[in-house]
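Just so it is clear: chains get the letters A, B, ... in the order the sequence lines come, proteins before strands, and each one is counted from 1. Every heavy atom of this structure was used, including side-chain atoms; hydrogens, water molecules and symmetry mates were not. Everything numeric in this text was worked out from a predicted model, so none of it was measured.
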Amino acid sequence: MRVGGFLLRTTSLVDAPVTETQLLERASALAGVSLGDAARLVGQTTPGHLRGHKGWVGCLLETLLGATAGSADRPDFEAIGVELKTIPLRSDGQPLETTFVCSIDLLSVAHVEWRDSRVFRKLRRVLWFPVHAERHIPIAVRRLGTPFLWSPSPDQEAALRWDWEELAGLIGRGDVDDITGHFGRSLQVRPKAANSRVRRRGLDADGCAISVLPRGFYLRPAFTSRIIRDAFRSPDVETPTL
DNA sequence: GATTGATCATAC
DNA sequence: GTATGATCAATC
């Protein structure tokens, strides 16, 4: 099957990219391709809905681009230190969802430096892959947009760091159960679990071990929409295919 | 309509 | 159970 000048075989695994340029070329060849066609490239069937397949689009792109990390806490493209994030967009380019960044180790998050944090390490280099994903569009017909590489600007990093330090501080003081999704301008803390009965080790205000709902860091749409807008204003990124 | 809290599939 | 990949859906 030929897509954007690239020949992709359905019978073999895609090899891991060795350079950012190679990754971006490979990803760019998929711009404008429907999810149904993208799935067929690797012999997959598109689900009728995402309710029971919430991570399907992300996993599909990992397969198509040769991501290697699996379920390990490492970059998706280990050799080049790049993380892959698919992001669902409306026709006007606004994100439809928040973006999950990482789960939170409630016992240690307050004791690490920002630059050593899981949030920064995940976001220091990201391949964003937009997907036109309005709910009324059948999954197989939804189209991939134009992918681009991104690192946080000094302003963006400062904004993330500000929120992270506040939230990590609250968790470290034992106030995790006082945190709601309302906290944070760019980054927020929300549940990240199979269901609301799941518990994990946390700390109370006295530093004693307690059981709490697992949490994760998420990027707000207000933050990711600026990333999208900046990317498509830049001269070296083509008009988004949406 | 936007947002927060809840939830789903899968691999190990 | 822990990690990955996220979207769903009740509520504001």
* Asked: Taking atom types as modelled and ignoring hydrogens, do the side chains of A/Arg220 and A/Thr99 form a donor-acceptor contact shorter than 3.5 angstrom?
  ->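 No - no donor-acceptor pair under 3.5 Å links their side chains.
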Hey, does [X] reach any base, or is it just sugar-phosphate, or nothing, if we go heavy atoms under 4.0 Å?
X        : value
A/Lys85  : sugar-phosphate
A/Leu213 : sugar-phosphate
A/Glu83  : sugar-phosphate

Below 4.0 angstrom, N of the basic side chain to O of the carboxylate: do [X] and [Y] qualify?
X       : Y        : value
A/Glu83 : A/Arg124 : no
A/Asp73 : A/Arg118 : yes
A/Asp15 : A/Arg26  : yes
A/Glu78 : A/Arg74  : yes

* With respect to the side chain of A/Lys192, which nucleotide from B/dT3, B/dG5, C/dT4 is positioned closest? ->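 Looking only at heavy atoms from C-beta outward on A/Lys192, the closest nucleotide is C/dT4.
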Whole angstrom value for the distance that separates [atom2] of [N] from [atom1] of [X]:
X        : N      : atom1 : atom2 : value
A/Leu106 : C/dA3  : CG    : P     : 10 Å
A/Phe217 : C/dA3  : CZ    : C1'   : 17 Å
A/Ile104 : C/dT2  : CD1   : C1'   : 15 Å
A/Gln44  : B/dA9  : CD    : C1'   : 13 Å
A/Ile179 : B/dT4  : CD1   : P     : 13 Å
A/Trp128 : C/dG5  : CH2   : P     : 12 Å
A/Ile139 : B/dC8  : CD1   : C1'   : 14 Å
A/Arg74  : B/dA11 : CZ    : C1'   : 14 Å

* Structure fact -> A correct 5'-to-3' footprint of nucleotides 7-12 of chain C, with B, S and - meaning base, sugar-phosphate only and no protein heavy atom under 4.0 Å, is BBS---
* Verdict with reasoning, A/Arg115 to A/Arg121, per side chain to side chain contact (heavy atoms under 4.5 Å, CB included) -> CA-CA 7 Å; A/Arg115 286 261 170 156; A/Arg121 288 191 298 160; over 6 Å; no
* Asked: Has A/Arg215 got a side-chain N or O lying under 4.0 Å from the OP1 or OP2 atom of B/dA6?
  -> no
* Asked: Any side-chain N or O of A/Arg220 less than 4.0 Å from the OP1 or OP2 oxygen of B/dT4?
  -> yes
* **Helix axis bend for the helix from B/dG1-C/dC12 to B/dC12-C/dG1 - C1'-based end axes, five pairs, 10° rounding** =>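 Axis-to-axis angle, ends of the helix: 30°.
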* Asked: Any chance the rings of A/Phe217 and A/Phe100 have centres within less than 6.0 Å?
  -> no
* Structure fact -> Heavy-atom nearest nucleotide on DNA chain B taken for A/Thr180 and for A/Gly52; more 5' hit belongs to A/Thr180
* Residue pair A/Leu160, A/Leu123: steps toward the side chain to side chain contact (heavy atoms under 4.5 Å, CB included) verdict -> CA-CA 10 Å; A/Leu160 292 171; A/Leu123 297 180; 3.9 Å; yes
* Tell me, with the steps shown, if A/Arg125 and A/Ser151 meet side-chain hydrogen bond (donor to acceptor under 3.5 Å, both in side chains). => CA-CA 5 Å; A/Arg125 197 63 173 160; A/Ser151 291; 3.0 Å; yes
* Any chance CZ of A/Arg199 has more than 12 other-residue heavy atoms, nucleotides or ligands included, within less than 6.0 Å? -> yes
